[in-house]
Amino acid sequence: MKGAHFLLAISLLALASSFAYASDPSPLQDFCIAINDTKDSVFVNGKFCKDPKLAKAEDFFFSGLNIPRNTSNPVGSTVTQVNVAQILGLNTLGISLARLDFAPYGGLNPPHTHPRATEILVVVEGTLYVGFVTSNPDNRLFTKVLYPGDVFVFPVGLIHFQFNVGKTNAVAFAAFSSQNPGVITIANAVFGSNPPINPDVLVKAFQLDKNVVKNLQSKFWWANN
Ligand SMILES: *[C@@H]1O[C@H](CO)[C@@H](O)[C@H](O)[C@H]1NC(C)=O
Ligand SMILES: *[C@@H]1O[C@H](CO)[C@@H](O)[C@H](O)[C@H]1NC(C)=O
């Protein structure tokens with residue numbers, strides 16, 4: 001009987017966790033425009049809030065996302081972020097945006113993850129081969145070739161990429177379920193960390209020759225955001 005209750009409890013727990021969810025905390029006020037100064041302010045949710053009486057339209061505003069960015073760089077892509085760092089009024093609201101520009105013939109937003117956000121992306125120009133990989137043990141790859149008007153979702157935390165397989169520039173916009181999604185570019189974090197990871201760790205982890213690891217660690221890893 002005890003065993004049966006235990007089993008029931010375990011299955012209820014499993015059920016509960018299969019429905020569990022999490023996100024940026026819900027705001028406790030209309031808005032909380034981020035400020036750095038603690039003077040005359042209240043600390044909520046990672047940033048200090050500006051006195052709401054001093055709020056102005058500019059606190060919720062960003063301009064220039066129509067402007068193509070320069071993609072002449074080692075990866076051939078540039079990400080223009082519009083998160084709480086650019087729009088202070090996004091603080092506590094759990095949402096942000098980015099513009100992605102890709103050079104023709106292989107502009108790449110290299111494999112990366114957003115530790116705090118799911119991403120939903122819409123292509124407005126060009127052709128993008130996109131994909132993400134699920135967590136262990138399956139490491140299942142989902143990919144799609146996207147054309148203007150196509151939308152794709154990258155679930156929170158999963159490694160993903162976007163690659164311009166067209167002959168023209170590609171442009172996409174992405175929304176994120178966090179005011180501050182964060183970016184971990186895999187190659188940059190692993191081979192370009194500061195200070196460098198002990199090469200023996202990477203030799204074993206990536207099944208590489210030590211000279212290859214040292215070569216990778218000596219490279220400059222461009223950050224496209
Ligand atoms: C807050 O501090 C950051 C980093 O020092 C700075 O970039 C930003 O402009 C500051 N924001 C305000 C509203 O003062
Ligand atoms: C783009 O960036 C490259 C490399 O920094 C530079 O040489 C080039 O002049 C830039 N192009 C434009 C249109 O600004």
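First listed ligand is number 1; within each ligand, the first listed atom is number 1.
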Compute the ring centroids of Phe152 and Phe154, then answer whether they are less than 6.0 Å apart. yes
Check each of Leu158, Thr113, Ile159 against Phe132 using the side-chain contact (heavy atoms from CB on, under 4.5 Å) test, and report the only one that passes. Leu158
Sort out the contact shell of ligand 2: every protein residue with a heavy-atom distance below 4.0 Å, listed by chain and number. Asn70, Ser72
Just by distance, with hydrogens left out, do [X] and [Y] show a side-chain donor and acceptor under 3.5 Å apart?
X: Ser77; Y: Asn224; value: yes
X: Ser72; Y: Asn70; value: yes
X: Asn169; Y: Glu125; value: no

Residues at least two apart in sequence or cross-chain that pass side-chain hydrogen bond (donor to acceptor under 3.5 Å, both in side chains) with Thr80, listed by chain then number, are Arg69
